[in-house]
Amino acid sequence: MATKQYWLMKSEPDAYSIEDLERDGREPWDGIRNYQARNFLRDTMAEGDLALFYHSNTKPPGAVGVMEVVSGPEPDALAFDENSKYYDPKTEADGETVWVQRQMKFVRKFARKVSLSELKEDPELEGMLVAKKGQRLSIQPVEEAHFRRVCELGDD
DNA sequence: GCCAACGTTGGC
DNA sequence: GCCAACGTTGGC
């Protein structure tokens with residue numbers, strides 16, 4: 001992969017927040033159970049790519065920091081865990097699962113959250129997927145210019 | 001807590 | 001392979 005790619009990855013802060021990642025330093029990004037998001041996670045992402053950490057289902061939702069992809073695709077451990085809400089009964093006992101995870105490393109927390117309403121209003125961010133109605137994908141590609149602009153707003 | 005938008009499942 | 005029913009996401 002010649003050039004770095006950029007992503008936006010959603011998490012509900014009650015489940016896992018940027019503060020949790022700052023504390024942990026590194027964390028498997030798991031529990032992805034949507035095929036389109038899985039395909040990005042498994043096939044398109046590359047080590048060294050940067051991602052916006054986005055807090056969803058909170059007031060207000062928005063981008064809160066940056067993290068880096070630091071592993072290749074790995075089998076999602078939660079798919080094997082019968083006690084997990086992400087357990088997949090179709091996952092095989094011999095270690096085969098269709099679900100993958102990536103190790104993500106904390107890079108930085110923004111000085112301030114860039115809210116969804118700001119993402120929608122900023123003319124430089126026009127066309128950003130997360131601002132589109134009905135866009136629920138929890139892992140989305142982000143254009144480099146958009147990524148830079150969100151960082152600029154957050155690092156104020 | 002509501003509900004629109006979507007994805008998945010399963011009967012036929 | 002269609003599509004209605006159901007489940008989930010996530011903004012509001």
Side-chain angles (χ1 to χ4, degrees), chain A residues 5-24 27-45 49-67 69 73-104 106-143 145-147 149-156:
Chain A
Q5 304 168 103
Y6 300 89
W7 305 92
L8 178 144
M9 298 166 78
K10 298 179 184 174
S11 178
E12 302 192 9
D14 286 349
Y16 198 80
S17 70
I18 185 85
E19 288 78 15
D20 293 328
L21 184 64
E22 182 170 27
R23 182 196 62 221
D24 298 338
E27 179 74 8
W29 204 269
D30 49 22
I32 301 300
R33 295 292 178 270
N34 168 285
Y35 285 103
Q36 206 181 339
R38 189 281 312 267
N39 291 344
F40 284 136
L41 200 59
R42 186 188 61 185
D43 305 329
T44 319
M45 254 181 202
D49 285 358
L50 295 177
L52 296 168
F53 195 129
Y54 180 90
H55 280 177
S56 66
N57 238 320
T58 187
K59 302 180 303 257
V64 291
V66 176
M67 55 188 169
V69 179
E74 305 169 342
D76 182 344
L78 298 181
F80 301 93
D81 178 359
E82 288 185 44
N83 297 316
S84 168
K85 68 182 274 201
Y86 297 110
Y87 173 66
D88 178 4
K90 285 184 257 180
T91 287
E92 317 248 336
D94 64 2
E96 290 293 319
T97 181
V98 300
W99 305 114
V100 301
Q101 65 186 24
R102 291 269 188 165
Q103 302 290 330
M104 302 300 295
F106 177 81
V107 174
R108 72 177 186 280
K109 185 180 164 182
F110 289 150
R112 62 177 196 88
K113 180 192 283 179
V114 184
S115 71
L116 178 61
S117 57
E118 280 182 87
L119 297 177
K120 285 178 174 171
E121 283 164 16
D122 193 303
E124 292 186 41
L125 295 176
E126 197 173 347
M128 223 182 146
L129 286 177
V130 71
K132 288 195 176 155
K133 192 180 175 193
Q135 179 51 264
R136 303 185 313 180
L137 208 56
S138 61
I139 298 179
Q140 315 178 347
V142 173
E143 291 171 29
H146 290 166
F147 182 89
R149 177 60 177 159
V150 174
C151 290
E152 199 176 289
L153 292 169
D155 286 332
D156 267 356

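Residue numbers begin at 1 in each chain, while the letters A, B, ... track the order of the sequences.
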Next item on the list: Take atom NZ of A:Lys59 and atom P of C:dG11, then tell me their distance rounded to the nearest Å.
Entry: 13 Å

Next item on the list: Measure the distance from CG on A:Leu119 to C1' on C:dC12 and round it to the nearest whole Å.
Entry: 16 Å

Checklist line | Carboxylate-amine/guanidinium contact A:Glu19 A:Lys109, below 4.0 Å | finding: yes

Note to self: Contact between A:Val130 and A:His146 at the side-chain level, heavy atoms closer than 4.5 Å - yes or no?
What the structure shows: no

Item checked: Residue whose nearest DNA chain B nucleotide is more 5′ - A:Lys90 or A:Gly134 -> A:Gly134

Margin query: If I take atom OH from residue A:Tyr54 and atom CG from residue A:Leu116, how far apart are they, to the nearest 0.5 angstrom?
Written below: 4.0 Å

Check: Only one of A:Arg33, A:Arg42, A:Arg38 forms a salt bridge (Lys or Arg N to Asp or Glu O under 4.0 Å) with A:Asp76, so which one is it?
Finding: A:Arg33

Polar pairs (N or O, both sides) under 3.5 Å between protein and nucleotides 6-10 of chain C?
residue: C:dT8; atom: O2; partner: A:Arg136; partner atom: NH1; Å: 2.8
residue: C:dT9; atom: O3'; partner: A:Arg136; partner atom: O; Å: 3.4
residue: C:dG10; atom: OP1; partner: A:Lys10; partner atom: NZ; Å: 3.0
residue: C:dG10; atom: OP1; partner: A:Arg136; partner atom: O; Å: 2.4
residue: C:dG10; atom: N7; partner: A:Asn57; partner atom: ND2; Å: 3.3

Checklist line | Positive for side chain to side chain contact (heavy atoms under 4.5 Å, CB included) with A:Val69, one of A:Leu50, A:Asp49, A:Leu41 | finding: A:Asp49

Check: Is there a donor-acceptor pair under 3.5 Å between the side chain of A:Lys85 and the backbone N or O of A:Gly31?
Finding: no

Check: Are A:Lys133 and B:dA5 close enough that a side-chain N or O sits under 4.0 Å from OP1 or OP2?
Finding: yes

Checklist line | Sugar-phosphate, base or nothing in reach of A:Lys132, heavy atoms under 4.0 Å | finding: nothing

Notebook entry, point to check: Hey, does the side chain of A:Gln135 reach the backbone of A:Lys132 with a donor-acceptor pair shorter than 3.5 angstrom?
Noted result: no

Notebook entry, point to check: Under the criterion ring pair (Phe, Tyr, Trp, His ring centres under 6.0 Å), which of A:Trp7, A:Phe110, A:Trp29 is the partner of A:Phe53?
Noted result: A:Trp29

Notebook entry, point to check: Tell me: NE2 of A:His55 to P of C:dG11, nearest whole Å?
Noted result: 12 Å

Note to self: As a check on the pairing definition, encode DNA chain C in dot-bracket form, counting Watson-Crick and G-U wobble pairs whose two distances are under 3.5 Å, and using | for partners outside this strand.
What the structure shows: ||||||||||||

